[in-house]
Amino acid sequence: MKKVLSIHQRGEGHWVGDGFPVHSIFSYRNLAVELTPFLLLDHAGPAQFEPTEKPRGVDWHPHRGFETVSIAYEGEVDHEDTAGNRGTIRSGDVQWMTAGAGVLHKEMHGRDYAKRGGRFEMLQLWVNLPANTKMAKPRYQTLLARDIPVVPLPGNGGAVRVIAGEFSGATGPAQTFTPINLLDVQLRAGHRLQLPLHNGYSAALYVMKGSIKVNDVDTAGETELVIFERAGDDAVIEAASDATIFVMNGQPIDEPVVGHGPFVMNTQEQISQALVDLHHGKFGNIPA
Ligand code: MN
């Protein structure tokens, strides 16, 4: 059994561009050791956007040294980057971008969604890369809802969507650089779920909706983050009300984490180099 290490309230709300009203759920600035390889989690919305002809979002900006993983719950996001990749994610889809050596990208509300308006809710998770792959070639994966396996829970207790790694014999479609399990769990009120969590891996869960009891001892409410000890190979959760839970479980990357805005590297020198490379156009050219 993995014991609960700590439970955290979400941070202050802020805007990313004009399209993403987010709360910070965690950041490597204070939880790098406990949560490696996971660097950051932002929860956008739930929010309501009015129809517009001019999609909101966040314009061209760089990343280097890690991956951004966006999970769409409601609304749409268009992605375009200087490695030549583009894609749209809608409710249930996941966008997994490996910045690696560096890209510029923009993240905008999808054109159709912007015209229509409506509810918007996303998660964005940053996943670290080991030192020897931080300068990997950029990569982009659109993981469509229909390609993400859904494991129903017994007794109409809900369902587990496997985005990366494995759950109950189902394998998620994400290609990852280090072993990672990401699960999107719906657990109905009164139901219990035994979560397999690797011994020695970092593990945390974020309660997006509802409230749960963990290991029959701790209570976690809506928008709270539960961090587990590395030791132990499972945890039991029980939904006090219908709950949506995002589960993160990964092999630790025990290397120095030095971050500066959209760059996460191992040393200050590598951060300086990223700024020089950005200035010299090594993150690619913005399409006309
Ligand atoms: Mn970005």
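Atoms within a ligand are numbered from 1 in the order they appear, just like the ligands themselves.
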Inset, instruction - Please find out if less than 6.0 Å separates the ring center of F120 from that of F49. - result: yes
Inset, instruction - Measure from the ring center of H8 to the ring center of F26 and say whether it is less than 6.0 Å. - result: no
Legend entry - In the protein, N/O/S atoms that are found under 2.8 Å from the Mn ion (ligand 1), waters not counted: H61 NE2, H63 NE2, H105 NE2, E107 OE1
Legend entry - Near-ring test F66/F263, centroid separation under 6.0 angstrom: no
Inset, instruction - For H61, enumerate each residue passing the side chain to side chain donor-acceptor pair (under 3.5 Å) test, keeping only those at least two apart in sequence or located in another chain. - result: H63, H105, E107
Legend entry - Within 6.0 Å of CG in N285, more than 12 heavy atoms from elsewhere: no
Legend entry - Between Y140 and H79: side-chain donor-acceptor atoms closer than 3.5 Å: no
